[in-house]
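A quick write-up on the structure given underneath.
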Amino acid sequence: MQSDRSQSISRRSGPLAGLKVIDLTHVMAGPTCTLMLADMGADVIKIEKWPGGDDTRHSVPPKIGDEAASFLMMNRNKRGIVLDLKSDGGKQVLRRLIADADVLVENFAPGAMERLGFGYEELHKQYPSLIYCSLSGFGRTGPYKHRRGFDLVAQAMSGIMSFTGERPDGPPVKCGPPLSDITAGLLASMGILAAYTHRLKTGEGQWVETSLFEAALVQTYWQSTIALAAGSAPRAMGSAHPLNAPYQAFEASDGWLVVGGANKKHWLLMLEALGASELAADPRFVTGADRMANLKELEAVLSERFRTKTRAHWLAALDEKGVPCGPVHDMLEALSDPQTLAREMVVEVEHSTLGPVKTIGLPVKFSETPGKVASGAPVYGEHTREVLAQHGFDQRQIEALEQEGAIVSASREREESVA
């Protein structure tokens with residue numbers, strides 16, 4: 001009999017309810033992709049390697065109980081099984097799972113899936129309706145196709161690190177979040193859904209692929225615009241915008257805030273809020289082009305004014321005028337903001353061994369088919385026996401696969417630890 005938690009997983013809600021996804025991904029980009037699909041209702045079966053599992057299980061600290069917090073964040077709403085894909089039994093299990101799957105997602109090293117016998121060309125012949133998604137460092141074509149993928153490298157090679165930082169002559173700076181990983185995962189989920197739409201029309205599956213390098217490049221639209229149109233490479237500007245001013249952070253007497261006074265309307269309203277309407281006639285600042293040309297002088301004049309009063313004072317004054325503005329939050333402030341909570345972007349989910357665990361919510365809302373964060377991340381091998389049983393393996397076969405070392409189940413691990 002299924003546990004209550006397993007039943008809750010099987011009763012998926014959301015626009016993708018009924019979609020079955022085989023998740024052969026690890027760490028960040030791939031799990032982001034499958035997380036989006038799972039939160040929108042897909043049944044995602046996460047396959048972890050033996051031994052060790054997903055590398056994020058070892059990204060500690062922090063931990064919640066005995067589990068790595070990073071793994072818990074990226075793998076909620078998924079069912080987890082453990083396979084040794086180098087074994088005959090492990091390959092047998094995977095083939096049976098693929099047989100009735102809609103989507104397979106992988107981010108193995110280049111060539112690894114082919115060596116295991118699960119490359120796209122081979123699977124497409126057997127399962128022509130399967131949507132096969134690959135995430136990699138640089139994509140499956142081009143001179144770098146065999147290179148491994150890392151967010152740091154993607155940020156560097158995409159140009160992002162050359163224009164991130166406080167000053168033009170400063171050292172290269174990486175963006176805080178792993179934006180190429182997360183963006184690649186979002187692009188991959190978008191590609192899968194586009195391919196699924198095509199399959200609904202034609203019955204045809206296809207290969208969807210993207211890379212960390214391309215994901216980082218699409219974050220550079222404004223800077224690429226400058227480079228392609230002007231033939232010059234943008235440099236670091238702190239929090240300022242490369243095309244509009246003022247559009248950046250300023251320090252008040254007790255903290256930082258951001259202000260978007262870039263267009264003419266907001267520029268004049270911002271000056272009213274600051275009590276500095278005389279700057280409207282200053283020839284250095286009349287037009288947007290003037291303000292960009294004299295950005296350092298503009299920053300100095302405005303910074304002096306902002307430092308005279310508290311952040312709360314300026315935010316109230318700017319908001320009253322309708323000027324885009326906001327406080328610069330740290331993560332604890334951002335996660336406890338009333339808007340964050342109102343949009344259910346921090347939620348509690350039940351974990352099978354830890355109880356309630358807080359996690360980030362679903363960022364896409366649906367009026368008729370709402371998605372939901374329904375279950376916590378699986379413990380190592382939590383659903384191995386359950387998933388195999390659902391795919392036609394009987395108890396004797398499951399035990400034989402365990403003896404072979406082709407699969408690992410949480411129940412078997414607990415038995416061995418007790419013994």
Looking only at heavy atoms, which two atoms of [X] and [Y] are closest? And how far apart?
X      : Y      : value
Trp50  : Gly405 : CD1-O, 4.3 Å
Ala252 : Arg311 : CB-N, 3.4 Å
Gly137 : Ser211 : O-CB, 3.6 Å
Ala245 : Met292 : CB-SD, 3.6 Å

Name each donor-acceptor pair under 3.5 Å that joins a side chain in residues 178-186 to protein atoms two or more places apart or in another chain, with its distance.
{"from": "Ser180", "atom 1": "OG", "to": "Asp151", "atom 2": "OD1", "distance (Å)": "2.7"}
{"from": "Thr183", "atom 1": "OG1", "to": "Leu179", "atom 2": "O", "distance (Å)": "2.6"}
{"from": "Thr183", "atom 1": "OG1", "to": "Gln219", "atom 2": "NE2", "distance (Å)": "2.8"}

*Lys46 pairs by side chain to side chain donor-acceptor pair (under 3.5 Å) with which of Asp54, Thr34, Thr25?*
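Result: among Asp54, Thr34, Thr25, Asp54 is the only option passing the side chain to side chain donor-acceptor pair (under 3.5 Å) with Lys46.
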*Face-on cation placement of Arg235 at Phe163 ring, 6.0 Å and 45° thresholds*: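 Cation-pi check for Arg235 and Phe163: fails.
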Hey, is the main chain of [Y] close enough, under 3.5 Å, to the side chain of [X] for a donor-acceptor pair?
X      : Y      : result
Asp43  : Ala17  : no
Arg199 : Glu204 : no
Glu106 : Met113 : no
Glu333 : Asp330 : yes
His241 : Leu243 : yes
Ser253 : Thr308 : no
Asp39  : Val373 : no

Would you tabulate the side-chain donor-acceptor contacts of residues 355-367 under 3.5 Å, counting partners in other chains and residues two or more places apart, or write 'none'?
{"from": "Thr359", "atom 1": "OG1", "to": "Arg76", "atom 2": "NH1", "distance (Å)": "2.7"}
{"from": "Lys365", "atom 1": "NZ", "to": "Arg343", "atom 2": "O", "distance (Å)": "2.9"}
{"from": "Lys365", "atom 1": "NZ", "to": "Leu362", "atom 2": "O", "distance (Å)": "2.8"}

_Would Arg284 and Glu297 count as a salt bridge (charged side-chain N to carboxylate O under 4.0 Å, His left out) here? Give the steps._
CA-CA 8 Å; Arg284 298 173 296 173; Glu297 293 93 330; 5.5 Å; no
State whether [X] and [Y] are salt-bridged, where the test is any N-O pair (Lys NZ or Arg NE/NH1/NH2 against Asp/Glu carboxylate O) under 4.0 Å.
X      : Y      : result
Glu278 : Arg305 : yes
Glu402 : Arg385 : yes
Lys86  : Asp84  : no
Lys78  : Asp23  : yes
Asp55  : Lys49  : yes
Glu386 : Arg79  : yes
Lys321 : Glu272 : yes

*Heavy-atom side-chain contact between Tyr196 and His198 under 4.5 Å*: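 Not in contact.
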*Only counting residues at least two apart or in another chain, list the ones meeting ring-ring contact (aromatic ring centres under 6.0 Å, His included) with Phe108.*
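Checked Phe108 against ring-ring contact (aromatic ring centres under 6.0 Å, His included); zero matches.
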*Polar side chain donor-acceptor pair, His58 to Thr56, under 3.5 angstrom*: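 The answer is no; no qualifying pair exists.
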Within 6.0 angstrom of [X] [atom1], more than 12 heavy atoms from elsewhere:
X      : atom1 : result
Tyr247 : OH    : no
Lys372 : NZ    : no
Lys63  : NZ    : yes

*Geometric class of the Trp267/Phe285 ring pair [parallel <30°, tilted 30-60°, perpendicular >60°]*: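 Phe285 and Trp267: perpendicular rings.
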